[in-house]
Amino acid sequence: MNDTYKKKTIISPSILSADFANLQRDVEILRDSGADWIHVDVMDGHFVPNITIGAPVVKAIKPYAQIPLDVHLMIENPQNYIESFIDAGADILTFHYEATKDLTEDVIGHIKSQDILVGLSIKPKTPVQEILKYLLMVDMVLIMTVEPGFGGQAFLQECAEKIPVIRQNAPENLIIQVDGGINRDTSQICKELGADSLVAGSYIFKSDDIEEAIKSLRN
Ligand code: DX5
Ligand code: ZN
């Protein structure tokens with residue numbers, strides 16, 4: 001049996017598909033339905049063509065989450081916002097390699113020095129080889145399997161092929177997370193390829209039974 005199957009997959013439902021007028025309720029539903037983390041998609045209208053939420057909303061949901069807040073920064077100049085997201089209650093802070101490039105190592109160091117988990121993400125068109133040199137420095141790599149910016153897009157299978165490349169080059173405890181187009185079928189593909197954590201928005205929030213939907217991704 002592959003080692004991957006011995007570990008419990010970390011399910012991180014994305015509140016991008018929640019009802020923003022009822023965020024407290026939806027965060028509590030996720031927490032009580034077996035979610036491991038809550039994934040918070042932060043978009044700035046520059047790095048991606050959409051605007052969502054910022055640190056004040058992270059702070060507002062923090063008391064209701066009671067499970068780690070997995071904050072995915074899809075923003076330019078993430079280095080300028082690290083403290084505000086940590087103060088707001090982020091437990092995992094993931095930023096995009098494409099938003100930092102030469103600054104990547106500094107931003108990783110900055111987040112790590114604040115004693116929370118640091119994640120590095122790549123967009124579909126970014127070759128995985130470009131981030132191999134950072135694998136010893138980060139806690140998590142987030143592989144985007146859709147173009148970041150919107151929920152509800154179709155899974156790009158070719159991006160999932162990056163998972164084993166990361167796995168082969170990473171220390172055993174590196175968390176590999178996949179985000180975009182995850183559902184019952186695509187979650188199986190990602191787990192077989194070696195993913196440790198799955199983000200899902202529309203699949204979970206469109207389902208009639210959120211607890212079952214979360215279980216179906218994990219098992
Ligand atoms: C997309 C976001 C995702 C999004 C996933 O830019 O990073 O986290 O919420 O949504 P689904 O699961 O609907 O593809
Ligand atoms: Zn995300």
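Numbering starts at 1 and runs along the sequence shown. Whatever order the structure lists ligands and atoms in, that order sets their numbers, starting from 1.
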At what distance is the nearest protein heavy atom to [atom], and which residue and atom is it?
atom                    : value
atom 12 (O) of ligand 1 : Gly201 N, 2.8 Å
atom 10 (O) of ligand 1 : Gly151 CA, 3.5 Å
atom 6 (O) of ligand 1  : Gly149 N, 2.8 Å
atom 14 (O) of ligand 1 : Gly181 N, 2.8 Å

Residue from Ile111, Val118, Leu73 passing side chain to side chain contact (heavy atoms under 4.5 Å, CB included) with Ile82: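 Among Ile111, Val118, Leu73, the one meeting side chain to side chain contact (heavy atoms under 4.5 Å, CB included) with Ile82 is Ile111.
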Considering the options Ile143, Ile166, Thr104, which one meets the side chain to side chain contact (heavy atoms under 4.5 Å, CB included) requirement together with Ile131?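 Testing each of Ile143, Ile166, Thr104 against Ile131, the sole residue satisfying side chain to side chain contact (heavy atoms under 4.5 Å, CB included) is Ile166.
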Donor + acceptor pair across side chains of [X], [Y] (<3.5 Å):
X      : Y      : value
Ser84  : Asp87  : no
Asp70  : His72  : no
Tyr203 : Ser216 : yes
Glu28  : Gln24  : yes

Identify which of Asn183, Val42, Asp179 has a heavy atom lying nearest to atom 8 (O) of ligand 1.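 The option holding the nearest heavy atom is Asp179.
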At less than 4.0 angstrom from any non-hydrogen atom of [X], what atoms of ligand 1 do you find?
X      : result
Pro148 : 6 (O)
Gly180 : 14 (O)
Met43  : 6 (O)
Ala200 : 12 (O)
His39  : 8 (O)
His72  : 7 (O)
Met74  : 6 (O), 7 (O)

4.5 Å side-chain heavy-atom contact, Leu198 and His39: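 They are not in side-chain contact.
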Please examine the side chains of Asp196 and Arg167, heavy atoms only from C-beta on, and report whether any two atoms are closer than 4.5 Å.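 Arg167 vs Asp196: side chains touch.
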N or O contact, [X] vs ligand 1, cut-off under 3.5 Å:
X      : answer
Ser202 : yes
Gly152 : yes
Asp41  : yes

Classify the contact between Tyr203 and ligand 1 as side chain, backbone, both or neither, using a heavy-atom distance cut-off of under 4.0 Å.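 Neither; nothing of Tyr203 gets under 4.0 Å from ligand 1.
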Is it the side chain, the backbone, both or neither of Ser14 that has a heavy atom closer than 4.0 Å to ligand 1?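 The answer is the side chain of Ser14.
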So is Phe150 close enough to ligand 1, meaning a heavy atom under 4.0 angstrom away?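 Phe150 counts as a contact of ligand 1 under the 4.0 Å cut-off.
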Using the Zn ion (ligand 2) as the apex, give the angle to atoms OD2 (Asp179) and ND1 (His72), rounded to 10 degrees.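 It comes to 90°.
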